Amino acid sequence: MPFGAPPLRPDDPDATVFLPRVGGLPTSPRWPVADPDALRPYESLATRMLPRVQAPAPAPETTAAPAAPSLAKSSATMAIASLASRVTGFFWKAMLVWAIGTGAVNDSFTIANTMPNILFELLFGGVLTSVVVPLLVRAQDDPDSGEAYTQRMLTVGLVILLAGTVVAVLAAPAFTSLYIPEGSRANSELTTAFARLLLPEIFFYGGFALLSAILNAKNLFGQVAWAPVANNAVVIATLAVFMVMPGQISLDPVRMGEPKLLVLGIGVTAGIAVQAGMLVPAVLRSGFRFRWRWGLDARMKEFGGLALWVLGYVVASQIAVTVTTRVLTTGDPGGVTVYSNAWLLFQLPYGVIGVSLLTAIMPRLSRNAADGDTRKVVADLSYGSRIATVLLVPIAAVLTVIGVPVGIAVFHGGANSVEDATRLGQALAVSAFGLLPYALVMLQLRVFYAMKDARTPTLIMVVMTVVKVPLLYLCPVLLDSRQVVLGVMLINSLVFVIGAIVGQVWLWVSLGHLRSKRALGIILWSVAASTLGVLVAVLAGLLLPGTDGRIMAVVKVIVQSATGLGVAFGVLYALRIEELTPATKRLSRLFGRAKQA
């Protein structure tokens, strides 16, 4: 059933049926992408739809359904690993700010570290997920269990990745000029120096993606889930060494052989290499043996059209990323860093709530779409939208109040001043209203993919990009150079509002009545409750001193979050909003276990 709904009876034809192990992928195979704009809903195309199997009648002597301890253990392991990856990844981002601030050096590093992610996506990422991975799963039905196809995929993939990496490193100055226009305030020489050290990540990102696909197809997830944590650990160690080294990275002139520059660039690339290397022993233990096998598999032609639409989606999204970076470099130094870290904070609520919502609702949504049951697809979409509204609107509202304290609490320290941390918090605050539209766009795109429609998501992304690009170029014209990053964050969220509206209209045309009246009612109640929460949070903030120091900022974040969210969710609970039930049930179970302990 949809997220949080009560389970169906075992004899209900729509009840979940546990099938014997079938080689396949989780609904969202992922690998780390540092680019904050890399939205990858097309990963859902890797979902393998199985034919409906009716639940067998339970044996008379059986009192409970057979347990699946391995599945539960795998899910728990991935959940813990995902949390550890998020925490350690966020920590090294904060360490980087403490080490070099939010000025030109961090901008140069951030731009250079984004390049391998963008080039990997264009070169291999989208097509790998939407085309190669599903074929890898299908190939398991071959007489050799897909070993020949897997060897061929690795051969072609590694050659493409190696060639692309070499070309990218040689063309580093050209890529720098693409992201940093002439006359901007960014340091193009330092960006190029970092790029030469970081662009080899393309090969290791691709290697990790290929090896993780092989393991996922064999239902082996643990090593894949923990590998990014190892990457983050290497980067944290690198930054610790960087911070104790004497001196600073030179800006004028930029010296490629400077020890601190080499330590930072090579250390971060080594983290990705370790991440990929961790999977090699697991692949060997799975029984797979690699040998070079040349030639293309004829089965890939079946997915040619799908690959083109996915590639179109990737190209449209990366055009927006490129223009965003170019505009940010026209403002004061540090704009790229402020944008990147503010966007990272912006995505945290979605990562905790939105991703779990989509993970829970996607299997049923995909099943209903495969069955052509439009009524149930609309019900799932409406229910998911309403839950996202109830949970995310109060959080977004309170973020507008605590944005500045959050920025100071997390990023003030070391080389980063209170003023720079404040600007980062302001960027978070002005963009918070886009949190719900962002989640709705992600849900809508997955509905289209569940219906095997790869064209519409690409067209929606094109519409969003066409709207975004002209607005971005207005920022340097209308705003002060220090406020450019705030304008970019504002436009980013505004474009998600437009994307959510376009997606809703498109779904209405495709599916008919979407139960919008009920969803609108939930939005109005959520906004009203959140407004009360914001007022209480503001009043609580007025009773506390300023946020010049980190300790006081932390106190403000805790107090204002607790009061604002407490009032907002309390009002929704008092109104008996049905969509809040899944969250309250989970909290009740959590407190119940704590009480028993």
Side-chain angles (χ1 to χ4, degrees), residues 83 86-87 90-91 93-95 97-98 102 338 341-354 388-414 416-436 439 486 489 493 525-575 577 580 583-584 586-588 590-591 594-595:
L83 179 61
R86 286 181 181 275
V87 172
F90 189 82
F91 182 70
K93 289 279 188 175
M95 280 187 69
V97 173
W98 301 338
T102 56
V338 168
N341 287 290
W343 188 250
L344 185 68
L345 287 170
F346 174 92
Q347 285 187 312
L348 278 179
Y350 172 77
V352 174
I353 297 174
T389 299
V390 167
L391 296 179
L392 293 179
V393 167
I395 295 175
V398 173
L399 273 179
T400 62
V401 178
I402 65 170
V404 171
V406 167
I408 296 174
V410 177
F411 291 103
H412 171 46
N416 201 43
S417 65
V418 173
E419 185 181 2
D420 290 332
T422 299
R423 186 164 69 134
L424 196 152
Q426 291 170 342
L428 174 63
V430 299
S431 64
F433 74 92
L435 183 59
L436 176 62
L486 302 183
M489 289 295 293
S493 291
W525 283 118
S526 299
V527 169
S530 301
T531 302
L532 292 175
V534 165
L535 292 175
V536 173
V538 170
L539 290 175
L542 294 176
L543 298 176
L544 297 171
T547 56
D548 289 342
R550 173 180 288 175
I551 295 177
M552 201 61 238
V554 171
V555 171
K556 272 205 166 186
V557 170
I558 294 173
V559 172
Q560 291 184 294
S561 298
T563 55
L565 293 177
V567 168
F569 285 119
V571 170
L572 291 172
Y573 182 78
L575 292 172
I577 300 297
L580 198 61
T584 56
R586 290 190 177 187
L587 288 175
S588 299
L590 179 63
F591 286 124
K595 187 176 180 180

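Just so it is clear, the model here is predicted, and its values are computed rather than measured.
The closest side-chain heavy-atom distance from L428 to L424 is not below 4.5 Å.
The two residues A439 and L392 have their closest heavy-atom pair at CB-CD1, 3.5 Å. When all heavy atoms are compared, the tightest approach of T389 to S526 is CG2-OG, 3.8 Å. Contact record, L486 with Q426: CD2-C, 3.8 Å, taken as the closest heavy-atom pair. Closest approach of P405 and A553 over heavy atoms only: O-CB, 3.6 Å. Nearest heavy atom pair, residue A397 against residue S530, reads CB-CB, 3.7 Å. Shortest non-hydrogen contact noted between V406 and V557 is N-CG2, 3.6 Å.
In this structure F90 satisfies the side chain to side chain contact (heavy atoms under 4.5 Å, CB included) test together with L344, L345, L348, V410, F411, sequence neighbours excluded.
Atom CG in D420 sits 11.5 Å away from atom CG in N341 (nearest 0.5 Å). One distance of note links OG of S561 with CG of L399; it measures 7.5 Å at 0.5 Å rounding. Rounded to the nearest 0.5 Å, atoms CZ (R423) and OG1 (T102) are 6.0 Å apart. Note that the CG atom of L391 and the CG atom of L436 stand 10.0 Å from one another [nearest 0.5 Å].
Under the 3.5 Å distance criterion, the side-chain polar atoms of T563 are matched with a main-chain donor or acceptor of Q560.
Around atom CG of L542, more than 12 heavy atoms belonging to other residues, nucleotides or ligands sit under 6.0 Å away. For CH2 of W525, the number of neighbouring non-hydrogen atoms (other residues, nucleotides, ligands) closer than 6.0 Å is 12 at most.
Of the options V398, L535, L532, L572, a side-chain contact (heavy atoms from CB on, under 4.5 Å) to V567 is made by L532 and by none of the others.
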Practice item. Give the C-alpha distance, both sets of side-chain angles, the deciding distance and a yes or no for side-chain contact (heavy atoms from CB on, under 4.5 Å) between T400 and F433. Key: CA-CA 8 Å; T400 62; F433 74 92; 5.8 Å; no
